[in-house]
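Please read the structure below before turning to the comments.
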Amino acid sequence: MAAKKASPDLVNSSFSFKSLKLKTKQQELLLRVSILGLVYVLAFIARLFSVLRYESMIHEFDPYFNYRTTLFLTEKGFYEFWNWFDSESWYPLGRIIGGTLYPGLMVTAALIYWTLRFLRFFVHIREVCVLTAPFFASNTTLVAYFFGKEIWDTGAGLVAAALIAICPGYISRSVAGSYDNEAVAIFALLLTFYLFVKAVKTGSLSWALGSAFGYFYMVSAWGGYVFIINLVPLYVLVLLITGRYSMRLYVAYNCMYILGMLLAMQIRFVGFQHVQSGEHMAAMGVFLLMQVFYFLDWVKHQLNDTKLFQTFLRITVTSAILVGGIALGVGTASGYISPWTGRFYSLLDPTYAKDHIPIIASVSEHQPTAWSSFMFDYHILLFLFPAGLYFCFKRLSDATIFIVMYGLTSLYFAGVMVRLILVATPAVCLISAIAVSATVKNLTSLLRTKQKVPQTGSTKGVGSSKSSSKVTLDQSQPFHKNGAIALLVGVFYLLSRYAIHCTWVTSEAYSSPSIVLAARGAHGNRIIFDDYREAYYWLRQNTPTDAKVMSWWDYGYQITAMGNRTVIVDNNTWNNTHIATVGRAMSSYEDEAYDIMRSLDVNYVLVVFGGVTGYSSDDINKFLWMVRIGGGVYPVIKEPDYLVNGEFRVDKGASPKMLNCLMYKLCYYRFGELVTEYGKPTGYDRARGVEIGNKDIKLEHLEEAYTTSNWIVRIYRVKPPTNRL
Amino acid sequence: MAIDKKLLSLLLLVSSLSSIASASFSDPDSDSDLTNELASLRSNSESGVIHLDDHGISKFLISSPTPRPYSILLFFDATQLHSKTELRLQELRREFGLVSATFLANNNGSDLNKLFFCEIEFSRSQSSFQRFGVNALPHIRLVTGSTAKLSDESGQMDQSDFARLAESMAEFVEQRTKLTVGPIQRPPFLSKAQISVIVAMIVIATPFVIKRILRGETLLHDHRLWLSGAIFIYFFSVAGTMHNIIRKMPMFLQDRNDPNKLVFFYQGSGMQLGAEGFAVGFLYTVVGLLLAFVTNVLVRVRNLNVQRLVMLVALVVSSWAVKQVVYLDNWKTGYGIHPYWPSSWQ
């Protein structure tokens with residue numbers, strides 16, 4: 001749909017507005033602006049499926065934390081927010097919120113909220129949070145347009161805007177309600193890149209300054225800024241190697257790096273990492289290399305003797321590399337420069353995380369990507385990408401080199417981790433847009449030259465060199481026309497399939513909030529399971545305000561945001577030992593777990609259980625990760641104890657340790673009395689499709705406090721110790 | 001104890017009859033002699049894997065009384081099957097040696113002589129294979145001190161236990177014997193001497209390379225090289241190769257119901273087989289490159305018929321490839337993607 005909208009600009013511009021008596025240029029401008037306006041609106045409304053299907057609410061896990069902090073920010077002001085020590089999470093350690101988050105998202109939402117209030121629109125902060133992501137997605141389409149215009153031409157820019165507006169890879173993280181850092185970060189990422197490319201192209205200080213501020217915004221919004229600070233130096237390095245060093249590059253990079261670095265240091269969470277962490281050293285190395293290049297240029301200018309210069313060159317370069325290497329070595333050895341973090345390392349050596357850091361490997365969005373995920377998120381863009389690459393190489397410039405590098409590196413990273421498909425999406429859209437735009441432009445200009453319609457407008461500039469080569473082939477005219485029409489029809493057919501695919505995927509796959517679950521009933525009707533919110537509101541209404549709730553870390557943010565109760569661990573995962581303690585408690589026998597819970601002052605234990613509804617991402621299915629993470633710190637927990645012949649089972653054949661550990665008991669307490677499916681024995685677990693092995697569960701130190709209507713969330717009260725005798 | 005000894009000597013007699021080579025061995029009077037002998041054999045063999053034959057098996061496993069003071073982890077090898085790469089015998093044997101070497105390096109004192117790593121070869125010890133009841137390879141068997149019957153298959157290492165090579169073998173051993181093997185010490189990819197030579201070469205070459213770079217006449221300035229590299233990275237990523245590497249996915253599986261049939265495509269999103277990814281990645285790349293070729297190269301061709309033909313082929317191939325990929329994707333993920341029509345149209 002959107003892709004179609006982008007193309008009339010190319011076909012119609014010369015004849016459709018004749019009656020309006022606009023000049024060709026004005027017609028083109030009008031078309032361009034209206035197309036952009038439509039794309040802008042489209043990007044916004046395509047992301048509203050989730051609101052239509054469910055309601056205006058915050059999705060998933062992390063967004064609840066963002067929502068809670070935004071609420072705090074709007075209520076207490078920026079100063080309080082910046083100095084916030086949160087004692088309600090990571091009990092008894094607490095968490096310094098101001099120093100351990102990226103505030104960009106919250107500040108952005110708060111600014112929008114305050115602006116709206118200033119304009120006398122009295123909306124609830126939740127609505128602002130829900131709609132922040134679609135709003136920024138719309139803005140991203142604008143940036144994509146300008147970026148496309150910069151690297152190719154206006155046609156490519158329009159197509160890129162249309163493609164990115166509905167690309168599932170981006171929609172997956174920016175539907176209404178997914179109030180997460182990525183929502184604004186992709187906008188910031190693309191903006192920074194665009195401004196940097198512009199700065200390199202023009203050599204202007206103001207664009208470089210803009211790019212530094214874009215970088216600052218990105219740093220304040222998302223940890224993914226590390227990608228920028230590594231890609232940009234890599235790009236500069238490639239330009240240097242391929243002999244494209246220029247004064248423009250020097251100005252752009254130095255200004256962007258130095259200012260961006262100084263600005264980024266203002267974010268407390270990032271602090272001095274730019275000069276201390278190994279992940280940022282590439283940028284500094286390239287910065288120094290630029291100075292060497294500049295210095296050499298100057299010396300070459302001073303020395304007129306080439307031979308003298310050659311010797312000088314050899315000495316300088318060797319000593320520069322030596323000094324740099326020694327400095328890096330000394331810095332690393334003395335501990336001044338910290339080594340790479342696990343997440344970064346696992347990108348370069350993908351097998352690393354699996355063997356060494358279970359807490360990274362356990363997250364489902366850190367899994368490697370299969371081809372079907374690429375297909376699902378990019379659809380035809382994948383076919384167009386190689387063609388786009390080819391076009392870029394045909395017309396190599398500083399800008400196209402950048403987009404090619406951005407596309408290839410991010411595509412590689414997307415292969416390592418599913419979630420990084422998001423980062424690759426803008427690049428894939430831009431390169432594919434080049435392919436579409438260049439193809440369509442070539443073909444239509446071919447058609448029009450046959451019709452002898454004099455036209456200038458949109459084919460001016462780039463495509464002209466190619467089309468002129470075709471015009472000379474007079475004999476092949478009849479074929480050309482047929483072939484061009486066939487190809488055009490093919491391209492438009494593909495684009496319409498893309499639109500259909502995107503719409504379907506957005507509405508069916510990417511719009512579920514995951515806090516409210518939906519299933520199809522036996523008669524095709526929709527059944528809604530709202531158990532999570534039921535449980536959290538129960539906690540809020542029925543427990544003492546200082547109650548501590550222990551659950552697996554996935555639910556920590558939701559409990560603090562919706563239940564308003566203190567949690568032991570949450571999705572921040574900054575303290576592996578603390579999480580391992582909870583993992584150990586969950587996988588120990590009840591009396592051992594009781595001691596751990598007493599030591600953490602736990603009052604309630606919350607588990608998520610899908611045995612009644614068949615909900616498969618429940619705590620039993622996550623249990624092995626609890627064992628692994630717990631065992632990583634406390635060797636008394638051993639994974640083989642919970643397995644039978646390497647198999648994870650919950651039925652009669654399960655290992656005795658499994659059948660009596662706390663998690664099993666809490667999930668299956670009283671489950672043995674329940675008939676879940678017709679024709680099956682009692683205690684039939686629908687999520688795993690087996691009859692459970694321990695139906696007679698007795699709890700000694702805990703008692704059931706609340707179980708939601710579909711048994712998805714179960715809450716237990718920890719009994720106080722019995723009187724001493 | 002006396003009865004034990006009698007029984008032992010009787011068994012010894014039987015076993016010594018079965019092989020002439022026994023003369024070279026000293027008479028093992030007690031368990032410790034056997035253990036010492038094994039230890040000396042081990043010290044003479046590469047990475048501590050003792051090569052046993054029929055005689056050795058009978059001596060150390062059959063004739064020795066249970067409970068033996070040692071366990072033996074036995075690798076069943078067959079030289080004639082080394083050519084069948086899908087069995088991975090040689091690779092597994094190498095990994096087996098690694099586990100053995102690691103065990104030797106990480107243990108000393110009493111634990112060291114509680115476990116011995118041995119191998120037997122089919123062509124020279126066929127009767128032992130029969131005794132163990134082994135008729136399929138790869139096969140690794142742990143014979144613990146208490147195992148009385150050799151045909152007892154409880155000590156067999158499952159397929160899953162050597163799926164992750166040495167690491168999982170070590171886990172298996174640690175689990176069954178309660179001994180520690182420790183982290184596997186793989187030999188470094190490059191030895192120290194090699195690394196220093198490479199570093200020296202790089203240092204020497206740097207000034208020359210830089211000189212050439214400044215002149216602008218390296219391979220790096222060739223567009224075609226960069227283009228093919230770029231296409232390769234694209235292919236590498238979208239084919240899910242990283243997924244195959246990280247998950248160590250095989251190229252294809254054998255059908256469970258019909259062993260002669262091979263499964264190339266795995267149903268279910270989030271998982272893929274090696275060949276499957278490459279096939280689809282290839283289809284993606286072909287369509288993209290054809291598009292570029294048709295719009296950029298073909299138009300320069302002078303011959304009209306060639307042009308027509310190539311165009312037709314390109315169109316047919318592309319539409320087939322797109323159809324195929326979309327069909328495969330729908331089949332794999334189980335989604336039926338369809339357009340939404342206004343409800344009044346239905």
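For clarity, every value in this text was computed on a predicted model and none was experimentally measured. Both backbone and side-chain heavy atoms feed into the values below; hydrogens, waters and symmetry mates do not. Protein chains get the first letters and strands the later ones, always in sequence-line order, with residue 1 at the start of each.
- Ranked by heavy-atom pairs under 4.5 Å with chain A, the list B/Ile233, B/Leu291, B/Asp329, B/Leu328 is led by B/Asp329.
- Options A/Thr409, A/Leu487, A/Val404 differ in how many heavy-atom pairs under 4.5 Å they form with chain B, and the most are formed by A/Leu487.
- Between the side chain of B/Gln272 and the backbone N or O of A/Trp371 there is at least one donor-acceptor pair closer than 3.5 Å.
- Using a 4.5 Å cut-off between heavy atoms, A/Leu494 contacts chain B through its side chain alone, with no backbone atom that close.
- At a 4.5 Å heavy-atom cutoff, the contact between B/Val238 and chain A is made by backbone and side-chain atoms alike.
- For A/Arg497, the salt bridge (Lys or Arg N to Asp or Glu O under 4.0 Å) criterion is met by no residue, not counting sequence neighbours.
- Annotation: residues 315-322 of chain B contacts chain A through B/Leu315, B/Val322 [non-hydrogen atoms, separation under 4.5 Å].
- The contact between A/Leu411 and chain B is made by backbone and side chain atoms together, counting heavy-atom distances below 4.5 Å.
- Between B/Val325 and A/Met375, the closest side-chain pair of non-hydrogen atoms falls below 4.5 Å.
- Of the atoms belonging to A/Leu322, not a single heavy atom falls under 4.5 Å from chain B.
- The OG atom of B/Ser237 sits 6.0 Å away from atom CZ of A/Phe374, with the distance rounded to the nearest 0.5 Å.
- Options A/Tyr390, A/Phe376, A/Phe383, A/Tyr245 differ in how many heavy-atom pairs under 4.5 Å they form with chain B, and the most are formed by A/Phe383.
- The structure places CD1 of B/Ile231 at 5.0 Å from CG of A/Leu389, a figure rounded to the nearest 0.5 Å.
- When each of A/Gly388, A/Ser507, A/Ala424 is scored by its heavy-atom pairs under 4.5 Å with chain B, the top score falls to A/Ser507.
- Heavy atoms only, all atoms of each residue included: B/Tyr335 and A/Ala509 are closest at OH-CB, 4.3 Å.
- With a 4.5 Å cut-off on non-hydrogen atoms, B/Tyr284 touches chain A through its backbone and its side chain both.
- Checked by atom type and distance alone, the side chain of B/Tyr234 pairs as donor or acceptor with a backbone atom of A/Leu382 at under 3.5 Å.
- The greatest number of non-hydrogen atom pairs below 4.5 Å with chain B, out of A/Pro386, A/Ala435, A/Gly415, is found for A/Pro386.
- Among all heavy-atom pairs drawn from B/His243 and A/Ala370, the shortest one is CD2-N, 4.2 Å.
- When side chains are defined from C-beta on, B/Val326 does not count as touching A/His501, because their heavy atoms never get closer than 4.5 Å.
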